[in-house]
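First up is the structure itself, then whatever we jot down about it.
Any value given below was found using the heavy atoms of this structure, including those in side chains, with hydrogens, waters and symmetry copies removed.
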Number of protein chains: 2
Amino acid sequence: MTYAHDMPTPEKAVRTDAGLASELRLSVMRLRRRLAAERHPDNPLSMGQLALLGALYRNGDQSVGELAARERVQPPSMTRTINCLADGGYVERRSHPSDGRQVVVALTDEGRAVLLADRARRDEWLSRRLAGLSAEERDVLRRATPILQRLAEAD
Amino acid sequence: MTYAHDMPTPEKAVRTDAGLASELRLSVMRLRRRLAAERHPDNPLSMGQLALLGALYRNGDQSVGELAARERVQPPSMTRTINCLADGGYVERRSHPSDGRQVVVALTDEGRAVLLADRARRDEWLSRRLAGLSAEERDVLRRATPILQRLAEAD
DNA sequence: CATAAGTCATTACCCTTGCTAAGTATTCCC
DNA sequence: GGGAATACTTAGCAAGGGTAATGACTTATG
């Protein structure tokens, strides 16, 4: 097999910063697709809904704008996700104590229960894959995860 | 700030395997959205199209099925992406030499040029972010990227 | 204190991109 | 040669992202 250009293998490409960027983008895209496809039939929540419940669980009640900014989504998209969850009774809209424009979103008891159950089922596949890695590889991911977070949060 | 439950910070959560799975999923989702949003107005290619051209550039001509499998997408989705790129003259469909069922997709000269130009622009943002990390953090990502790849490829 | 400007959430609408199901062409196997 | 399997495409649907415009409320200004 021959090529008309320098063969850009992933192994070489990842060494340069531009190559790392390309490879990282590919990996993230593919893994995300893989994870989205792993939607268990019992799971009532989409990945976006799960992320929203998770944000409320972790950070407590938040306004729509705060949630949208954290999840890197425009406010209308967040409104729609909230609507779905509110229809299911998983979150509640409350009025902001001092600013009537804002809407505070709060996790309900049912929402918390569904979050934990769904997350357990949904993480099953990924956890199993993680368990198949070496301890060292898991450690790399453990350290990489917050870095990926920070990249996503960057302006 | 108080919570009615044990506060699940990312720092604590990432230590367990299940926690790592959740956090990794969140990070991947957000970063992917962030990257997709970084679509420069000059860029004619979507992330999926860029990934396809990249696969052809890296691995040479491939059949539709091979491309779909590699990108973890169903064949019809790949067909559509190929249609878009073929309309733009970036890829060509060729007949397979020995199997009339298969369609071989090949990168055109124009496709290669567009790939490199688009990738340079698109990676600019991510490269800049990567440059803002410490050398050690970059190294973590460099080692994490192939692991993420493997996770995406797992059954 | 009245009004203009700004902010936050929502509504309405569109586009992209994934999927499944069904259809067509070709190859493989008996 | 004919039926089963394979490869791609077509058609249609749903999720989830976006922008633009509207409404409600707050803040700043004259």
Side-chain angles (χ1 to χ4, degrees), chain A residues 28-41 43-53 61-88 91-106 152, chain B residues 25 28-41 43-52 61-88 91-106 152:
Chain A
V28 165
M29 270 186 65
R30 288 177 184 159
L31 184 52
R32 183 260 175 192
R33 259 198 299 257
R34 189 72 186 75
L35 290 173
E38 204 56 34
R39 183 175 193 169
H40 199 276
N43 286 341
L45 303 173
S46 72
M47 277 181 61
Q49 293 168 346
L50 188 62
L52 172 50
L53 291 187
D61 302 352
Q62 287 166 87
S63 75
V64 174
E66 285 170 335
L67 288 167
R70 182 179 302 273
E71 213 53 41
R72 286 273 153 200
V73 154
Q74 294 300 310
S77 302
M78 185 50 70
T79 288
R80 185 172 38 179
T81 304
I82 292 168
N83 284 340
C84 290
L85 291 172
D87 286 349
V91 300
E92 255 180 22
R93 280 190 168 88
R94 295 179 188 159
S95 52
H96 192 280
S98 63
D99 186 340
R101 294 168 303 179
Q102 295 186 39
V103 170
V104 174
V105 182
Chain B
R25 185 157 38 70
V28 165
M29 272 187 63
R30 288 178 183 159
L31 183 53
R32 182 260 176 190
R33 263 200 295 259
R34 188 71 186 75
L35 291 172
E38 204 55 35
R39 183 174 195 170
H40 198 276
N43 286 341
L45 304 173
S46 72
M47 278 180 60
Q49 293 168 347
L50 188 61
L52 171 51
D61 302 352
Q62 286 166 87
S63 75
V64 174
E66 285 171 335
L67 289 167
R70 183 180 300 273
E71 211 54 40
R72 286 271 152 200
V73 154
Q74 294 302 310
S77 302
M78 185 51 71
T79 289
R80 185 169 36 180
T81 304
I82 292 169
N83 285 341
C84 288
L85 290 171
D87 287 348
V91 301
E92 255 180 24
R93 279 189 168 87
R94 295 180 188 157
S95 52
H96 192 279
S98 62
D99 186 340
R101 294 169 303 180
Q102 295 186 38
V103 171
V104 174
V105 182

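- Comparing A:G65 and B:V73 against DNA chain C, the residue whose closest nucleotide sits nearer the 5' end is A:G65.
- Following rounding to the nearest Å, A:Q49 (CD) and D:dG16 (C1') show an atom-to-atom distance of 10 Å.
- The closest donor-acceptor contact from the side chain of B:R94 to the backbone of B:A106 lies at 3.5 Å or more, if one exists at all.
- When the nucleotides C:dC8, C:dT17, D:dT10 are ranked by their closest atom to the side chain of B:R80, C:dT17 comes out on top.
- Closest to the side chain of A:Q102, out of D:dA11, D:dA7, C:dA9, is C:dA9.
- The residue among A:G100 and A:T81 whose nearest nucleotide of DNA chain D is located toward the 5' end is A:T81.
- Of the listed nucleotides (D:dG18, C:dT10, D:dT26), D:dT26 has the atom at the smallest distance from the side chain of A:D99.
- A:L67 contributes atom CG, which lies 5.5 Å from atom CD1 of A:I82 (distance to the nearest 0.5 angstrom).
- Taking atom CD on A:Q74 and atom C1' on C:dA12, their separation rounds to 16 Å, with Å as the unit.
- Looking only at distances, no side-chain donor or acceptor of A:R32 sits under 3.5 Å from a matching main-chain atom of B:L31.
- With hydrogens and angles disregarded, no donor-acceptor distance shorter than 3.5 Å links the side chain of A:R33 to the backbone of B:V73.
- Checking B:G48 against A:V104, the closest nucleotide of DNA chain C that is more toward the 5' end is the one next to A:V104.
- Taking the side chain of B:T79 as heavy atoms from C-beta on, and the options D:dT9, D:dA7, C:dG6, the nearest nucleotide is D:dT9.
- Candidate nucleotides D:dT10, C:dT11, D:dG18 were compared by shortest atom distance to the side chain of A:P76, and C:dT11 ranks first.
- Remark: P of C:dT11 and CZ of A:R93 are 7 Å apart, rounded to the nearest angstrom.
- Residue A:H96 contributes atom NE2, which lies 9 Å from atom P of C:dA9 at whole-angstrom precision.
- Between A:S63 and C:dA9 there is a side-chain N or O to OP1 or OP2 distance below 4.0 Å.
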Practice item. Evaluate side chain to side chain contact (heavy atoms under 4.5 Å, CB included) for A:M29 paired with B:R72, printing each intermediate quantity in order. Key: CA-CA 10 Å; A:M29 270 186 65; B:R72 286 271 152 200; over 6 Å; no
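- Between the side chain of B:R33 and the base of D:dG17, no donor-acceptor pair under 3.5 Å is found.
- Among the atoms of the strands shown, only primed sugar atoms or phosphate atoms (P, OP1, OP2) are found under 4.0 Å from some heavy atom of A:S46.
- For B:V64, counting side-chain heavy atoms from C-beta on, the closest listed nucleotide (C:dG18, D:dT9, D:dA20) is D:dT9.
- Regarding contacts with the backbone of D:dG18, a side-chain N or O of A:S77 is found under 4.0 angstrom from either OP1 or OP2.
- Across the protein-nucleic acid pair, A:I82 atom CD1 and D:dG17 atom P stand 12 Å apart, rounded to whole Å.
- The interatomic distance linking B:L35 (CG) with D:dG17 (P) rounds to 14 Å, in whole Å.
- For the pairing with A:V104, the side chain to side chain contact (heavy atoms under 4.5 Å, CB included) check across A:Q62, A:R93, A:H96 returns one residue only, A:H96.
- When rounded to the nearest whole Å, the span between CE of A:M29 and C1' of C:dT17 equals 10 Å.
- Rounded to whole Å, the distance from CG on B:N83 to P on D:dA11 is 11 Å.
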